[in-house]
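Here is the structure we will look at.
Source: prediction; values computed, not measured. Counting begins at 1 with the first residue of the sequence.
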Amino acid sequence: QVQLVESGGGLVQPGGPLRLSCAASGSIFSTNPMGWYRQAPGKQRELVARITSGGSTNYADSVKGRFTISRDNAKNTVYLQMNSLNPEDTAVYYCYVFKSPRYYWGQGTQVTVSS
């Protein structure tokens, strides 16, 4: 059974940084792609960033240059470093891992950007 536990969300002022972590357990290997989605109130869930086992990354246009995704394969953990946050980044952030044939999701962590 795969489980994902996220941490690091909270309230941050505009322009500030925040780092999210997501630890995976249960037969997750370094070959499994991982990433982050987010969902703001009244909006659809959107892909924020993803990373392959080899370290290749993709980002949503809205976060390019501000967010960095990384992973520690030894710890089965994926990180999302978020800088220059703005109120439009306010959302619940969900991490995922793809282990064929399905995606597994974390419970979500709230990120609120407000002064």
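Remark: R66 engages D89 in a side chain to side chain donor-acceptor pair (under 3.5 Å) (not counting sequence neighbours). Residues passing the salt bridge (Lys or Arg N to Asp or Glu O under 4.0 Å) test with K64, sequence neighbours excluded: D61. Applying the side chain to side chain donor-acceptor pair (under 3.5 Å) criterion to S7, with sequence neighbours excluded, gives no partner residue. Listed by chain and number, the residues in a salt bridge (Lys or Arg N to Asp or Glu O under 4.0 Å) with E88 amount to none (sequence neighbours excluded).
Contact annotation: the side chain of F98 never approaches that of M34 to less than 4.5 Å [non-hydrogen atoms, C-beta and beyond]. You'll find the side chain of Y94 stays beyond 4.5 Å of the side chain of C22, heavy atoms only. Side-chain contact between K99 and V2 is present, with heavy atoms from C-beta onward closer than 4.5 Å. By the 4.5 Å heavy-atom criterion applied to side chains, R38 and E46 are counted as neighbours. Residues T112 and V12 form no side-chain contact, since every pair of their non-hydrogen atoms from C-beta on lies 4.5 Å or further apart.
In this structure, CG on N32 lies 9.5 Å from OG on S100, to the nearest 0.5 angstrom. Within the model, atoms CG of L47 and CZ of R45 stand 11.5 Å from one another, a figure rounded to the nearest 0.5 Å. Rounded to the nearest 0.5 Å, atoms OG (S114) and CG (L85) are 12.0 Å apart.
Counting only residues at least two apart or on different chains, the ring-ring contact (aromatic ring centres under 6.0 Å, His included) pairs with a member in residues 37-93 are Y37-Y96, Y37-W105. Applying the salt bridge (Lys or Arg N to Asp or Glu O under 4.0 Å) test to every pair with at least one member in residues 69-81, sequence neighbours left out, gives no pairs at all.
Both tests pass for R102 against the ring of Y104: distance under 6.0 Å to the centre and angle within 45° of the axis.
At a threshold of 4.5 Å between side-chain heavy atoms, the hydrophobic network of Ile, Leu, Val, Met, Phe, Trp and Tyr places V111 and L80 in one connected group. By the criterion of side-chain heavy atoms lying less than 4.5 angstrom apart, applied directly or through intervening Ile, Leu, Val, Met, Phe, Trp or Tyr residues, V92 is grouped together with Y103 in one hydrophobic cluster.
Across all non-hydrogen atoms, the minimal contact from P17 to N83 is CB-OD1, 3.5 Å.
Counted within 6.0 Å of CD on Q39, heavy atoms from surrounding residues, nucleotides or ligands total more than 12; the atom is thus considered enclosed.
Side chain of N76 to backbone of A23: no donor-acceptor contact under 3.5 angstrom is found. Looking at Q81, its side chain never comes within 3.5 Å of a backbone N or O of I69 through a donor-acceptor pair. Between the T90 side chain and the V113 main chain, a donor and an acceptor come within less than 3.5 Å of each other.
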Verify side-chain contact (heavy atoms from CB on, under 4.5 Å) between V78 and S70, making sure each step is shown before the conclusion.
CA-CA 6 Å; V78 64; S70 60; over 6 Å; no
Evaluate the side-chain contact (heavy atoms from CB on, under 4.5 Å) criterion for residues R50 and T57: first the C-alpha distance (whole Å), next the side-chain angles of each, then the deciding distance (0.1 Å), finally the verdict.
CA-CA 6 Å; R50 57 189 175 193; T57 58; over 6 Å; no
